Amino acid sequence: MLAELVCFEQKCRARFPIEQMIYNCPKCGGLLEAGFREQHVEADSLKKIWRERRTCNQPLDQSGVWRYRELLPFDGHHHEAVSLREGNTPLLDSRRAAEYGGLDHITFKHQGFNPTGSFKDNGMTCGVTQAVRLGRKRVACVSTGNTSASMAAYASAAGLDSIVFLPHGNISYGKLAQALEYGARTLQVEANFDQILALVRELADRLGIYLLNSINPFRIEGQKSIIFEMLDQRDWNPPDWIVLPGGNLGNTSAFGKALRELRDFGFIRKMPRLAVIQAEGAAPFYDFMRTGGEFRSVTEPRTLATAIRIGDPVSWPKALQEVTVSAGVVEKVSEQEIADAKAIIGQSGIGCEPASAATLAGIRKLTRAGIIQPADDVIAVLTGNVLKDPDYIYRYHTGELKDPDGRAIQPHFGNRPTVVPNDADAIAKILEK
Ligand code: F0G
């Protein structure tokens, strides 16, 4: 379908060509989104085509993003797609996690199975493809780690130069290592995510670099495919709830937009409710939804779930719309709750990074509050791979993990390694206990 850029602000809704290099509305400064100029979609025939593509060996059909290209704004440009066979992430059940979360049943959609280990790949394949379409040679982002890992990989795959800006000392080594390995020019700035984003926006304009943060509407478009694929995997049977962690709120915006499109185009009849979970020390969206009034950022966000350590989420107006339209909720969880939920997901043989575990911690709170019912059909989206932050895991299991205020996190589900002598008898004695 033919697409254009549209101002997200309802009072403006100005329209711009899809190939204009803008991130905010030039008229009112609002956020931008991609909109389709035609509105006709044959849902039943697309469902069939998308299912058939799963068995096809063409690279674009093998991608869990580009398989759904009819609902992405790249008409006529698919031959330029930069793909690492992203998406195709599984739905996994866990009895242990369901029980912990107060549910009869739970399903995880695990985005950590992506090529660089996070959901960012779903969006980045589209963001980098747009950079190629615009003839850009350099791309940049500020990141709490995963966006930079993903951008570095896709930029290198496309032969573009990439520059990543990271908050010095506040990202996991796993993610920093990926940016280095994939060949990004890596700048560690002595500031937090929100401060660096302002800096990078200025530099991108000044140096003509294409910005690939989630204000970039093409990233959001790609992330819609997480929902397309989830519902395709469930034969278009929507769950009652989709639960996800909230940081910069790009994913919340993408999920809501995807669900609205699927409903409006006739793929699904019922809208699942979105539940967005934030970390207590970085919960400006939670505070805003709770108290109303003006949106107030958190100046010094703090959480060990560094992926969601964001105090001034740019996409909050879109997230507000999506949570409202889906009759959703926003919850916040403590460091201890995140750490324990993460260990439970690990004990299920699934595993994830700390930010992802906020989902299960949030579900436990929401079932206890009677907001989610035990029999509800719930899908929690695990956003990042277990190996993204091994340091956190080791510290938790050995009882060394401390929250940002220096308080010990209790290893309620800890699994301490044991040092043993090089002696079969001694080891046998220990194992017989
Ligand atoms: N989970 C993980 C693993 C993330 O990396 C992020 C965001 C989120 C959740 C939150 O998603 O921002 O769309 O609400 N990471 C960004 C980054 C900010 O730079 O990698 P969001």
Side-chain angles (χ1 to χ4, degrees), residues 89 108-114 116-124 127 140-153 164-167 170-172 174-176 178-179 184 189 192-194 196-197 200 211-216 219-220 222-224 226-227 243-258 274-279 282-286 301 303-316 318-320 322-323 330 333 338 342 345 351-362 380-389 392:
T89 63
F108 291 112
K109 170 90 174 140
H110 205 327
Q111 292 305 111
F113 281 63
N114 260 300
T116 78
S118 85
F119 74 95
K120 304 291 179 179
D121 294 341
N122 286 69
M124 203 52 79
C141 70
V142 51
S143 176
T144 56
N146 282 323
T147 300
S148 56
S150 184
M151 188 189 76
V164 307
F165 293 77
L166 303 171
N170 268 308
I171 79 159
S172 75
K175 299 171 189 177
L176 174 61
Q178 284 182 293
V189 188
N192 69 28
F193 178 93
D194 308 299
I196 306 171
L197 182 55
V200 173
L211 193 57
L212 281 172
N213 274 99
S214 58
I215 44 161
N216 184 310
R219 289 242 344 255
I220 301 294
Q223 286 170 214
K224 290 189 317 192
I226 301 168
I227 296 293
V243 186
L244 74 162
N248 220 9
L249 301 173
N251 225 14
T252 307
S253 319
F255 284 16
K257 186 167 191 277
L274 292 177
V276 181
I277 318 296
Q278 298 208 287
F285 190 49
Y286 169 86
T303 170
L304 298 178
T306 48
I308 49 174
R309 193 171 185 263
I310 293 175
D312 193 10
V314 281
S315 292
W316 75 261
K318 288 184 176 178
L320 168 63
E322 305 309 351
V323 169
V330 184
V333 288
I338 293 174
K342 181 171 139 56
I345 296 168
C352 64
E353 69 162 282
S356 310
T359 53
L360 181 59
V381 178
L382 300 180
T383 44
N385 190 283
V386 67
L387 284 175
K388 287 281 188 176
D389 199 347
Y392 180 106

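Start at 1 and go down the list; that is how both ligands and their atoms are numbered. Just so you know, these numbers come straight off a predicted model, no measurement behind them.
The contact shell of ligand 1, taken as protein residues with any non-hydrogen atom closer than 4.0 angstrom, comprises Phe119, Lys120, Ser143, Thr144, Gly145, Asn146, Thr147, Pro245, Gly246, Gly247, Asn248, Leu249, Gly250, Asn251, Ala307, Ile308, Ile310, Glu353, Ala355, Thr383.
Under 3.5 Å, the side chains of Asn122 and Asn114 contain a donor-acceptor pair of N or O atoms. Side chains of Ser150 and Asp121: a donor-acceptor N/O pair is present below 3.5 angstrom, by distance only.
Heavy-atom minimum distance, Asn248 versus Ser214: ND2-OG, 3.7 Å. Scanning all heavy atoms of the two residues, the minimum distance from Asn213 to Cys141 falls at OD1-CA, 3.4 Å.
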Atom pairs and distances, side-chain donor-acceptor, residues 250-258, under 3.5 Å, sequence neighbours left out:
{"from": "Asn251", "atom 1": "OD1", "to": "Gln223", "atom 2": "NE2", "distance (Å)": "2.9"}
{"from": "Ser253", "atom 1": "OG", "to": "Leu249", "atom 2": "O", "distance (Å)": "2.7"}
{"from": "Lys257", "atom 1": "NZ", "to": "Ala34", "atom 2": "O", "distance (Å)": "2.9"}
{"from": "Lys257", "atom 1": "NZ", "to": "Glu221", "atom 2": "OE2", "distance (Å)": "2.6"}
{"from": "Lys257", "atom 1": "NZ", "to": "Glu261", "atom 2": "OE2", "distance (Å)": "2.9"}

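Each of Thr383, Asn146, Thr89, Asn385 was compared with Gln111 under the side-chain hydrogen bond (donor to acceptor under 3.5 Å, both in side chains) criterion, and only Thr89 meets it.
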